[in-house]
Each structure stands twice: as structure tokens, then as C-alpha cells.
Amino acid sequence: MDIVKGGNLLVAFLVELAMLAAFVVWALSLEQAGWLKWVTAAVAVVLAATAWGIFAAPKSGTRLGEPWLTVFKVALFALAALALHAAGQTEWGLALGVVAAANLVLMHAWGQA
């Protein structure tokens, strides 16, 4: 069972990276000048990663307590899924949302949150 729980932690890390990638996909789908798309992508990633680092990172001194931590995580994953939908990648957005939701449920069930 320890291997499965360790795998769930790996999935948590991967969906966090996928969340950041979703914001890049969204930014690059915008109808802007090429360089402005990349600036938008960088700003979106920096904002999301900074917010995650401040409010959700396990070693953060300002990590949110429950239930706000879960609300925060759900909100960011939902924004990422919606960003993929807005970029025309609805299936990928749905996949990200489902995997992130399942991961969060297992994290809580196994005391990993």
C-alpha cells in the first residue's frame, strides 16, 4: 500500500505541473502578438506558482488550513481546466479536472493532504 500512496504523491506533483502547463496553453491560444502571448504565459505561471507556494506548499509558513487549503486547490485546478477549455482543449481540461479531483480525494482519504 505504501507504493500506491507514494504513487499518489507523484500524481499530485504531476497534476500541479499540468496545472501550470494549462495556463501556458491558454496564454498561447490568445489572439495577441507572439511575444505578448509568451509574456502572458510567463505571468500566468508565475502568479499560479507563487500563489501555490505561499498558500499550498507543505513547508510554507503561510499554508492555508483546512478547509481553505482544499478550496484553494480546487479553485486553481478548476481555473486550469477552464483555461484548457478556453484554449479549445476541452478533453484535456476534463482529464485534468478528473485526475486532480481523484488525487485530492485520495490525498484526504490517506492523510496526505
Side-chain angles (χ1 to χ4, degrees):
M1 189 62 162
D2 289 338
I3 293 174
V4 175
K5 288 182 179 181
N8 194 52
L9 291 174
L10 175 61
V11 170
F13 177 68
L14 294 176
V15 294
E16 291 166 18
L17 292 178
M19 172 190 57
L20 297 176
F23 293 126
V24 172
V25 169
W26 164 77
L28 295 180
S29 76
L30 297 175
E31 294 185 19
Q32 301 176 6
W35 66 271
L36 193 53
K37 289 180 184 184
W38 286 102
V39 170
T40 304
V43 168
V45 167
V46 167
L47 286 174
T50 300
W52 192 275
I54 292 170
F55 299 118
K59 295 185 180 183
S60 171
T62 54
R63 182 181 168 118
L64 296 171
E66 291 297 341
W68 300 113
L69 177 61
T70 298
V71 170
F72 175 79
K73 289 180 177 183
V74 167
L76 270 184
F77 285 126
L79 282 174
L82 289 172
L84 286 171
H85 173 70
Q89 300 295 326
T90 303
E91 295 84 4
W92 285 108
L94 182 60
L96 175 61
V98 168
V99 172
N103 177 256
L104 286 173
V105 167
L106 290 175
M107 296 274 289
H108 280 280
W110 292 335
Q112 296 175 312

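What you see is a predicted model; the values in this text were computed from it and never measured.
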> Determine whether Leu9 and Met107 make a side-chain contact, defined as any pair of heavy atoms from C-beta on separated by less than 4.5 Å.
yes
> Shared ILVMFWY cluster between Ile54 and Val45, side chains joined below 4.5 angstrom?
yes
> Between the side chain of Ser60 and the main-chain N/O of Ala56, is any donor-acceptor distance below 3.5 Å?
no
> Residues two or more places apart in sequence or in another chain: which of them pass side-chain contact (heavy atoms from CB on, under 4.5 Å) with Leu30?
Trp26, Gln32, Thr40
> Answer with yes or no after comparing the ring centroid distance for Trp52 and Phe77 against a 6.0 Å cut-off, counting only values under it.
yes
> Of the non-hydrogen atoms in Ala51 and Phe72, which two are nearest, and what is the gap between them?
O-CZ, 3.6 Å
> Taking a hydrophobic cluster as the set of Ile, Leu, Val, Met, Phe, Trp and Tyr residues connected by side-chain heavy atoms closer than 4.5 Å, whether directly or through intermediates, do Val105 and Leu69 fall within one such cluster?
no
> Assess whether atom CH2 of Trp110 is packed by more than 12 heavy atoms of other residues, nucleotides or ligands within 6.0 Å.
yes
> Identify whether Leu94 and Leu96 are in the same connected component of the hydrophobic contact network (ILVMFWY, side-chain heavy atoms under 4.5 Å).
no
> If every non-hydrogen atom of Ala48 is compared with every non-hydrogen atom of Leu20, which pair is closest and at what distance?
CB-CD2, 3.8 Å
> Please report the closest heavy-atom contact between Gly53 and Ala57, naming both atoms and the distance.
O-CB, 3.4 Å
> Would the number of heavy atoms belonging to other residues, nucleotides or ligands and lying under 6.0 Å from CG of Leu17 be above 12?
yes
> Drop me the distance from Met19's CE to Leu14's CG, to the nearest 0.5 angstrom.
12.5 Å
> Show which residues join Val39 in its hydrophobic cluster (side-chain heavy-atom contacts under 4.5 Å, direct or indirect), or state none.
Trp35, Leu36, Val43, Leu47
> If we ignore hydrogens and angles and just use 3.5 Å, is the side chain of Thr62 paired with the main-chain N or O of Phe55 as donor and acceptor?
no
> Indicate if Leu104 and Leu106 have the same hydrophobic cluster label, given that clusters are the connected sets of ILVMFWY residues with side-chain heavy-atom separations under 4.5 angstrom.
no
> Provide the closest heavy-atom pair for Arg63 versus Pro58 in the form atom of the first, atom of the second, distance.
NH1-CA, 2.9 Å
> Do you know which two heavy atoms are closest between Gly93 and Ala81, and how far apart they sit?
O-CB, 3.4 Å
> Verify the cluster assignment for Leu84 and Leu28: are they in a single hydrophobic cluster under the rule of side-chain heavy atoms below 4.5 Å apart?
yes
> Write down the atom of Ala22, the atom of Ala80, and the distance for their closest heavy-atom approach.
CB-O, 3.6 Å
